[in-house]
Protein chains: 2
Amino acid sequence: MERYDIRARRIPDSTIRRLPAYLRALTRTGNERITSERLGQLAGYTSEQVRKDLAYFGAFGTRGVGYDAASLADEVRRILQLDQNVRAIVVGAGRLGTALVRHTDESASDVAIAAVVDIDPAVIGRTVGHLTVESLDRLEALVVERNIGMGIIAVPPAGAQSVLDRLVNVGVRAVLSFVPRSLAVTNPDVFVQHIDLTLEMQALAYFVGSTARTQS
Amino acid sequence: MERYDIRARRIPDSTIRRLPAYLRALTRTGNERITSERLGQLAGYTSEQVRKDLAYFGAFGTRGVGYDAASLADEVRRILQLDQNVRAIVVGAGRLGTALVRHTDESASDVAIAAVVDIDPAVIGRTVGHLTVESLDRLEALVVERNIGMGIIAVPPAGAQSVLDRLVNVGVRAVLSFVPRSLAVTNPDVFVQHIDLTLEMQALAYFVGSTARTQS
């Protein structure tokens with residue numbers, strides 16, 4: 001089977017991060033041809049960006065005709081390895097963690113949440129979506145048993161570094177962190193994506209403008 | 001009062017997006033001096049990036065001595081306008097929306113959630129954190145009455161564009177969207193930040209690596 005060499009990382013991270021938006025647009029388009037202009041419009045990028053990104057993996061549209069949407073969608077899915085049953089564990093079954101489990105259950109992300117764990121005995125045993133919350137003690141066992149490749153960290157800051165270290169030690173290489181703190185990673189093969197809602201809101205405050213403020 | 005001209009946007013968006021991480025690091029440092037190296041380390045950026053970003057608003061560290069952490073924190077807070085009582089409305093009191101209200105209540109973001117609305121009569125009237133869910137019909141009234149400058153959209157995709165349009169029409173200029181779809185904005189003064197959990201997880205799948213997959 002043809003496989004992209006992940007270690008080589010020939011495709012820039014910035015391109016990888018745009019591919020899911022292209023995939024969503026292509027999936028909506030269905031079994032038709034689509035131009036880079038239209039694809040860019042649907043995904044929220046310029047047509048130049050689309051052509052540049054897709055050229056990285058040898059997808060070239062035909063001038064005036066565009067790309068075959070269905071086969072390009074398959075190709076993008078293969079590059080992102082979304083055809084490979086990616087399974088994730090959610091660490092932290094608090095409000096955000098449970099919202100994430102349920103959100104993912106309902107989204108067509110091709111990533112399945114296969115386990116959710118928490119440290120709080122009062123929470124362990126509860127049902128969240130299609131899963132039962134298990135003990136944080138079972139983190140490593142669950143990752144191995146359920147063949148989990150992605151970690152989603154939604155624990156309070158104090159426990160986050162330890163959770164990340166344990167995930168990395170048991171072989172998890174892709175981590176999504178909702179922890180409002182930067183985490184240390186020494187293994188260059190590990191990719192940690194931070195989503196920090198507090199920082200997002202603070203940056204956004206800059207754009208609120210003076211109109212709404214001067215009334216206060 | 002000295003005020004940065006927001007319309008002029010002299011500070012690049014990319015710099016603005018890093019400022020909250022610097023602010024967090026500075027706040028932890030307390031009333032001491034901090035070097036660009038240390039600040040970068042704490043915030044997760046290089047010292048070169050720190051010096052370049054801070055120079056945009058005329059903050060220059062003294063060689064070998066660094067920046068005064070407390071006064072630099074004040075300056076960053078002022079630039080981000082976090083000293084201006086920014087208030088936000090959460091639209092959509094579903095699982096994600098309620099998690100966001102409670103998360104923000106607990107975070108020291110300097111942005112206050114001042115209202116939460118939903119379209120579902122079964123949800124209207126419920127208590128979420130310190131707020132009562134109100135009707136989506138009251139969106140415009142609440143924005144005006146409570147002097148709200150930021151919108152947080154956590155509704156299903158079908159209703160999202162209409163919500164964004166209504167927020168923009170009533171004067172909201174900064175929007176955080178958790179909607180898994182790109183939204184159209186024609187007003188150049190409006191800044192919409194998307195957080196799309198589905199796309200984040202799909203992009204992250206690329207980094208899972210082949211080890212965890214080949215066992216499946």
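In what follows, chains are A, B, ... by sequence order, proteins preceding strands, each numbered from 1.
- Chain A forms more heavy-atom pairs under 4.5 Å with one residue of B/Met150, B/Arg17, B/Arg18 than with any other, namely B/Met150.
- Among B/Leu96, B/Leu100, B/Val175, the residue with the largest count of heavy-atom pairs under 4.5 Å with chain A is B/Val175.
- Of all the listed residues (B/Arg181, B/Arg77, B/Gln193), the one sharing the greatest number of non-hydrogen pairs under 4.5 Å with chain A is B/Arg181.
- A donor-acceptor pair under 3.5 Å links the side-chain atoms of A/Arg146 to the main chain of A/Ala114, judged by distance alone.
- Residues of residues 45-55 of chain A never come within less than 4.5 angstrom of chain B, heavy atom to heavy atom.
- The main-chain N or O of B/Ile113 is found under 3.5 Å from a side-chain atom of B/His130 such that the two form a donor-acceptor pair.
- Looking only at distances, a side-chain donor or acceptor of A/Arg173 sits under 3.5 Å from a matching main-chain atom of A/Val168.
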Open item on the list: Under the criterion side chain to side chain contact (heavy atoms under 4.5 Å, CB included), I'd like the reasoning laid out for B/Leu167 against B/Ile89: C-alpha separation, chi angles, the key distance, then a yes or no.
Closed with: CA-CA 10 Å; B/Leu167 286 169; B/Ile89 183 168; 3.9 Å; yes
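- Within the 4.5 angstrom heavy-atom criterion, only side-chain atoms of B/Arg24, from C-beta onward, approach chain A.
- Here the side chains of A/Leu72 and A/Phe57 are in contact, with some heavy-atom distance below 4.5 Å.
- Annotation: side chain of B/Asp110 is not in contact with side chain of B/Val86 (no heavy-atom distance under 4.5 Å).
- The number of heavy-atom neighbours closer than 6.0 Å to CD1 of B/Ile119, taken from other residues, nucleotides and ligands shown, is 12 or below.
- Heavy atoms of A/Val143 lying under 4.5 Å from chain B are absent altogether.
- Here the straight-line distance linking atom CD1 of B/Ile16 with atom CG of B/Leu19 works out to 5.0 Å at 0.5 Å rounding.
- Of the residues considered (A/Pro180, A/Gly44, A/Ala99, A/Ala21), A/Pro180 shows the highest number of contacts with chain B, using heavy-atom pairs under 4.5 Å.
- Remark: side-chain polar atoms of A/Glu200 are not paired, donor with acceptor, to backbone N or O of A/Ile195 under 3.5 angstrom.
- For B/Leu42, the part lying under 4.5 angstrom from a heavy atom of chain A is the backbone only.
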